[in-house]
Amino acid sequence: MMETTTNQTTKVEAKPSIYSLQLEELKNWLKDHEEKAFRAEQIYDWLYKKRVSLFEDMSNLPKSLRDKLEHNFAITTLKTIIQQTSKDGTIKFLFELHDGYSIETVLMRHDYGNSVCVTTQVGCRIGCTFCASTLGGLKRHLDSGEIVAQVVKCQQALDETDERVSSVVIMGIGEPFDNYDNMLGFLKTINHEQGLNIGARHITVSTSGIVPKIYQFADENTQINFAISLHAPNTELRSRLMPINRAYSLPELMKSVRYYINKTGRRVSFEYGLFGGVNDQAEHAEELAKLLKGIKCHVNLIPVNYVPERDYVRTPRDQIFEFEKILKNHGVNVTIRREHGHDIDAACGQLRAKERQEETR
């Protein structure tokens with residue numbers, strides 16, 4: 001364990017989250033500590049089915065084992081700082097981590113169930129010009145347990161009304177493929193039948209376009225849904241909006257997308273935020289349709305949330321529908337994303353930027 005610091009204070013050493021251990025890793029840890037491997041299933045049951053917050057509540061474990069767990073691990077590593085609730089039922093959490101940094105997690109209610117949007121990093125280094133998440137740059141990666149804990153926290157909130165998390169999207173603060181190994185560990189835990197048991201086809205991971213990791217993710221050959229933050233139909237405009245396009249150009253990105261589709265047989269979703277007067281004109285829709293011709297995909301049009309620190313404005317409603325119509329006329333599968341939490345700090349990173357200015361300067 002290493003000492004963790006912020007730019008303000010020095011913190012004591014933090015115990016790692018037990019949520020970071022996949023089932024087999026937990027079995028190995030138990031063996032290494034002269035405990036029976038079958039205890040791993042019992043511990044998983046307490047963590048993910050009963051969702052206890054204290055090791056001492058794991059009543060069918062020997063006290064000696066509970067003491068070992070207490071000495072070596074933390075269960076919850078997140079402290080709720082702010083919980084905002086929208087009129088539409090969306091809940092946005094601002095959580096504090098053990099080292100004093102903060103992250104956001106969003107619980108969204110849909111007709112088809114409850115979805116959690118998780119964060120994978122404290123801040124982000126990708127530098128998209130429209131996003132509040134990148135304000136202040138990247139502070140650190142989250143470990144897999146800190147990502148798992150976000151879903152558990154949301155599930156505990158839903159337990160009060162006998163509901164459950166039915167889907168997860170990895171679209172919060174940070175670039176998931178920039179924290180690939182921890183993201184993958186998170187996916188395995190929440191998908192595991194003895195973990196949170198969320199089906200692979202109810203999980204979506206999104207990337208801004210780290211091309212080598214797209215090839216790697218394709219080779220994982222999972223059933224998890226895959227999305228690309230596209231936001232522009234040509235490489236010049238995309239480079240202005242998303243600096244990552246200078247490292248991995250749009251042609252390179254589209255080549256990796258085709259590889260993913262050919263390897264997995266699954267379609268790709270393209271997230272396309274509409275920014276007034278920037279990428280939302282009819283010619284942009286025509287160009288986007290041409291770019292995506294012949295690709296097994298779905299386009300998700302996103303009316304942007306206004307972020308005070310950014311200059312982008314919302315595309316008028318009728319223009320959004322016109323953009324959608326042009327894509328449909330070209331045979332593109334397209335929908336307009338339903339807005340959630342419009343009356344709270346809905347944009348990704350917005351609540352953190354407002355409440356934790358020392359982190360996001």
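Sequential numbering from 1 along the given sequence is applied to the chain's residues. Side chains are part of it too, since the values below use all heavy atoms of this structure and drop only hydrogens, waters and symmetry mates.
The minimum heavy-atom distance between Leu47 and Met58, with the atom names listed, is CD2-CE, 3.8 Å. Closest approach of Met183 and Pro176 over heavy atoms only: SD-CB, 3.7 Å. Taking each heavy atom of Asp280 and Phe323 in turn, the nearest pair found is O-CD1, 3.6 Å. Heavy atoms only, all atoms of each residue included: Ile126 and Ser208 are closest at CG2-OG, 3.7 Å. Taking each heavy atom of Thr134 and Cys124 in turn, the nearest pair found is OG1-O, 3.2 Å. Summarising the geometry of Lys68 relative to Asn72, their closest heavy-atom pair is O-ND2, 2.8 Å, with the distance given to 0.1 Å.
Annotation: side-chain hydrogen bond (donor to acceptor under 3.5 Å, both in side chains) contacts of Gln42 (sequence neighbours excluded): Arg39. Evaluation of the side-chain hydrogen bond (donor to acceptor under 3.5 Å, both in side chains) rule for Ser249 yields Glu252 as partners, not counting sequence neighbours.
Between the Arg66 side chain and the Glu56 main chain, a donor and an acceptor come within less than 3.5 Å of each other. A donor-acceptor pair under 3.5 Å is formed between the side chain of His284 and the backbone N or O of Gln281. Of the possible polar contacts, one joining the Asn279 side chain to the Phe275 backbone as a donor-acceptor pair under 3.5 Å is found.
Of the charged side-chain nitrogens involved, at least one lies within less than 4.0 Å of a carboxylate oxygen, so that Lys263 and Asp219 count as a salt-bridged pair. A salt bridge links Glu41 with Lys27: the distance from a Lys NZ or Arg NE/NH1/NH2 to an Asp or Glu carboxylate oxygen falls below 4.0 Å. Using a 4.0 Å cut-off between a side-chain N of Lys or Arg and a carboxylate O of Asp or Glu, Asp99 and Arg140 qualify as a salt bridge.
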Stepwise side-chain contact (heavy atoms from CB on, under 4.5 Å) test for Asp45 and Asn60: CA-CA 11 Å; Asp45 183 68; Asn60 61 349; over 6 Å; no
Chi angles and distances behind the side-chain contact (heavy atoms from CB on, under 4.5 Å) call for Thr207, Phe226: CA-CA 8 Å; Thr207 179; Phe226 181 50; 3.7 Å; yes
side-chain contact (heavy atoms from CB on, under 4.5 Å) between Arg238 and Leu230, worked out: CA-CA 8 Å; Arg238 193 167 192 266; Leu230 187 62; 3.9 Å; yes
Residues Leu196, Val165; criterion side-chain contact (heavy atoms from CB on, under 4.5 Å); working and verdict: CA-CA 9 Å; Leu196 288 167; Val165 174; over 6 Å; no
Stepwise side-chain hydrogen bond (donor to acceptor under 3.5 Å, both in side chains) check, Arg266 with Asn225: CA-CA 8 Å; Arg266 298 181 58 75; Asn225 300 314; 2.6 Å; yes
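A donor-acceptor pair shorter than 3.5 Å cannot be found between the side chains of Glu175 and Asn179. A donor-acceptor pair shorter than 3.5 Å can be found between the side chains of Lys213 and Gln216. Looking only at atom types and distance, the side chain of Thr161 has a donor-acceptor partner in the side chain of Glu163 under 3.5 Å away.
The hydrophobic clustering, which links ILVMFWY residues whose side-chain heavy atoms are closer than 4.5 Å, places Val211 and Ile244 together. One hydrophobic cluster, built from ILVMFWY side chains closer than 4.5 Å, holds both Leu253 and Tyr215. When hydrophobic clusters are built by joining Ile, Leu, Val, Met, Phe, Trp and Tyr residues whose side-chain heavy atoms come closer than 4.5 Å, directly or via intermediates, Ile295 is grouped together with Leu250. Follow the hydrophobic side-chain contacts under 4.5 Å out from Val278 and you reach Ile320 in the same cluster.
In this structure the side chain of Val304 never reaches within 4.5 angstrom of the side chain of Leu274, judged on heavy atoms. Annotation: side chain of Leu21 is not in contact with side chain of Ile43 (no heavy-atom distance under 4.5 Å). Between Ile103 and Glu146 there is no side-chain heavy-atom pair separated by less than 4.5 Å. Two residues are said to be in side-chain contact when any heavy atoms from C-beta on lie closer than 4.5 Å; Thr235 and Asn245 meet this criterion. Between Asp318 and Glu322 the shortest side-chain heavy-atom distance does not fall below 4.5 Å. The closest side-chain heavy-atom distance from Tyr48 to Gln194 is not below 4.5 Å. Contact check for Phe55 versus Leu61: no side-chain heavy atoms found under the 4.5 Å cut-off. With a 4.5 Å cut-off on side-chain heavy atoms, Leu30 and Leu65 count as touching.
Partner Lys153 forms a side-chain contact (heavy atoms from CB on, under 4.5 Å) with one of Thr76, Thr105, Leu107, Val116 and no other, that one being Thr76. Just one of Ser86, Cys117, Cys154 meets the side-chain contact (heavy atoms from CB on, under 4.5 Å) condition when paired with Val106; it is Cys117.
Heavy atoms from other residues, nucleotides or ligands lying under 6.0 Å from NZ of Lys63 number 12 at most. Atom NZ of Lys49 has more than 12 neighbouring heavy atoms from other residues, nucleotides or ligands inside a 6.0 Å radius. For Glu283, the CD atom is densely surrounded, since the number of other residues' heavy atoms within 6.0 Å is greater than 12.
Ring-plane geometry between Tyr180 and Phe177 is classed as perpendicular, the angle between the planes exceeding 60 degrees on a 0 to 90 degree scale with a lower cut at 30. Taking the six-membered ring where the residue is Trp, His231 and Phe130 present perpendicular rings, their angle passing 60° and hence far from 30°.
For Phe270 and Tyr272, the ring centers sit 6.0 Å or farther from each other.
Pairs engaging residues 110-126 under the salt bridge (Lys or Arg N to Asp or Glu O under 4.0 Å) rule: Arg125-Asp178 [sequence neighbours left out].
Taken to the nearest 0.5 Å, the CZ atom of Arg51 stands 9.0 Å off from the CG atom of Leu158.
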